[in-house]
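Down below is the structure, laid out as structure tokens.
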Amino acid sequence: MLIITCPWCGARPEVEFRYGGEAHIARPADPSALTDQEWADFLYNRTNPKGLHAERWRHIHGCGRYFNALRDTVSDFFVTTYKAGEPRPDVEGSGS
Amino acid sequence: MSHLFNASAETMLALHRAPRNDASQVHGGPRTAGVYFPSEANVQKFSGFELFRRAFGGHKSWQPQWRNPEPKAEYDVIIVGAGGHGLAAAYYLAKEHGIANVAVIERGWLGGGNTGRNTTIVRSNYLFDESAALYEHAVKLWEGLSQDLNYNVMYSARGVLMLAHNHHDEISFKRHVHANRLNGVDNEWLNAEQVKEFCPPLNIKSMRYPIIGGALQRRGGTARHDAVAWGYARAADSRGVDIIQNCEVTGIRRNAAGAVEGVETSRGFIRAKKVGVSAAGHTSVVMAMAGLRMPLESYPLQALVSEPVKPAFPTVVMSNTIHAYISQSDKGEMVIGAGTDAYTSYSQRGALHIASHTLDAICELVPQFRRLRMLRNWGGIVDVTPDRSPIIAKTPVPGLYVNCGWGTGGFKATPGSGHVFAHTIAKDAPHAINAPFTLERFRDGFLIDEAAAAAVAH
């Protein structure tokens, strides 16, 4: 089980959290202007990287808030977590 | 004495060899001169007679089942990934389309990925027409596969029983039964007593969610996962396919027009105008080499086996509601499938609470297994699409094909998937069966939403 550091509540076990998928996928500003391919990219296509992954988590059995994390998908090591709305931290490599 | 036996063995081998070569000329189908490489494996047909005959030589005359060739400079087709699906595609390319100048490139060893990690279940009781056609195509191939490959894949149609624990399960499964039967797929509804009769070890009453019935596909069952990879590898190799292990693809080279020219590997550049990617959990990584973003996410999926015991469990049992599935291997181990972790990962290991959750359910379902000790627990990386249906298709890159998105249930489809993927590559157009399973369905809105129809929710 992973230990995940909520930016508000601190380190807690993984079962307190829900996974929210890839982070920083911005909702289209003008949805009606999108082509079908742009909709597919927004809804379905994902980076799915082997390495650093920016992702959303929600602390459902705690503060209930969404936040973002940078995790290495090879080692599952959390490099950092940060509040929703903040830009992705500029971290190189796996950090593990 | 031993000299005498060896001499007679050689004579018999020569006799055995001659009619086979004649037969291959008559029945071999379209085969271009110069691309067919008869190997030792080709003449090493397995039979009860051969087993008996070679016993006289102390079984020392058996040859390796496939070669270990150096990569050539160029092939007609390169398949990336020597799992069951990739090897099957290579086999059917050689057998049905006369394209034997094929390399299967594998980062590790053949059958060492999800082919060797799954719970070996075969079934075709999917809800939608498109899925039923695809998986039923595979089951039909399973039924004759051992004979076709001359390799015992141990397909055992012992039945797949899906348990209903509440009214929703019941109406959902009955809907499946009717949909399946309209598609020519066998499936039948059993009430609780019939479930108990078919699988006596089950506890149908004294549990939190009692069993109220189940859907049984009698033609479903299991097959030996390793034998499937080995059988396809041997059969493909004997038709001239090069299986190149310990060779990692590091790039996909394209020409000015964007079409595929070949693959960069850890053992140098290999040229090919057609590349088929069959890389399961690593599909996103390989496709990114050609600049493509895929509708895929890779998750760890766990399985466990118990210590081997005497035959105690006659069928495959699945429960979506309490999340467990179990069958007994021919070695005697109880093979148990757990769930996926919540997050994407390439770590090939899952969390303990996922596995223990499944074991809780198993102990309720089959109380006598509470005393079983678990022998091994492992994880594999599965590539999951948004609609939980696979993608077997051409891609926007000319010459690049992909077979992926099998998620938590690709093993059962191995023969059918390889068969239609080979067709797609050979003809540069999909087979009627895989025509709906395109990459463009996500753009055009034609999803094949089998998410709720999977055996257990992942």
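To find a chain, count down the sequence lines: A is the first, B the second, and so on, and within it residues start at 1.
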Check: If you count the non-hydrogen atoms of other residues, nucleotides and ligands that lie under 6.0 Å from CH2 in B:W109, is the total more than 12?
Finding: no
Margin query: With a sphere of 6.0 Å drawn around CG of A:D90, does it hold more than 12 non-hydrogen atoms of other residues, nucleotides or ligands?
Written below: no
Next item on the list: Just say parallel, tilted or perpendicular for the rings of A:W57 and B:Y343, cut-offs at 30° and 60°.
Entry: tilted
Next item on the list: Check B:R443 against A:Q37 and note the closest heavy-atom contact, atom names and distance.
Entry: CD-OE1, 3.3 Å
Margin query: If I take atom OG1 from residue B:T344 and atom NE2 from residue A:H53, how far apart are they, to the nearest 0.5 angstrom?
Written below: 4.5 Å
Note to self: Only pairs of heavy atoms separated by less than 4.5 Å count here; which of A:T35, A:N48, A:N45, A:T73 has the most with chain B?
What the structure shows: A:N48
Check: Minimum heavy-atom separation for A:T47 to B:R293, with atom names?
Finding: OG1-NH1, 2.8 Å
Next item on the list: Might you confirm whether atom OH of B:Y209 has over 12 heavy atoms from other residues, nucleotides or ligands at distances under 6.0 Å?
Entry: no
Check: Where do B:Y346 and A:P49 come nearest, in terms of heavy atoms and distance?
Finding: CE1-O, 3.1 Å
Check: Between B:D341 and A:E14, is any pair of side-chain heavy atoms under 4.5 Å apart?
Finding: yes
Next item on the list: Kindly give the heavy-atom pair with the smallest separation between A:D76 and B:S345, and that separation in Å.
Entry: OD1-OG, 2.8 Å
Checklist line | Pairs of heavy atoms under 4.5 Å with chain A: top-ranked of B:A351, B:G445, B:P386, B:G350 | finding: B:P386
Notebook entry, point to check: Considering only heavy atoms, which portion of A:R71 lies under 4.5 Å from any heavy atom of chain B: side chain, backbone, both, or neither?
Noted result: side chain
Notebook entry, point to check: Contact part of B:L447 toward chain A, heavy-atom cut-off under 4.5 Å: side chain, backbone, both or neither?
Noted result: side chain
Checklist line | Heavy-atom contact with chain B under 4.5 Å, split by part of A:L2 | finding: side chain
Checklist line | A:R46 CZ to B:L296 CG distance, which is reported to the nearest 0.5 Å | finding: 11.5 Å
Next item on the list: Answer yes or no: does atom CZ of A:F42 have more than 12 heavy-atom neighbours from other residues, nucleotides or ligands under 6.0 Å?
Entry: yes
Note to self: Can you tell me if A:R18 has over 12 outside heavy atoms packed within less than 6.0 Å of its CZ?
What the structure shows: no
Notebook entry, point to check: Under 4.5 Å, heavy atom to heavy atom, which residues of residues 281-292 of chain B contact chain A?
Noted result: B:H282, B:S284, B:V285
Notebook entry, point to check: For the atom pair CD1 (B:I354) and CE (A:M1), what is the distance rounded to the nearest 0.5 Å?
Noted result: 8.5 Å
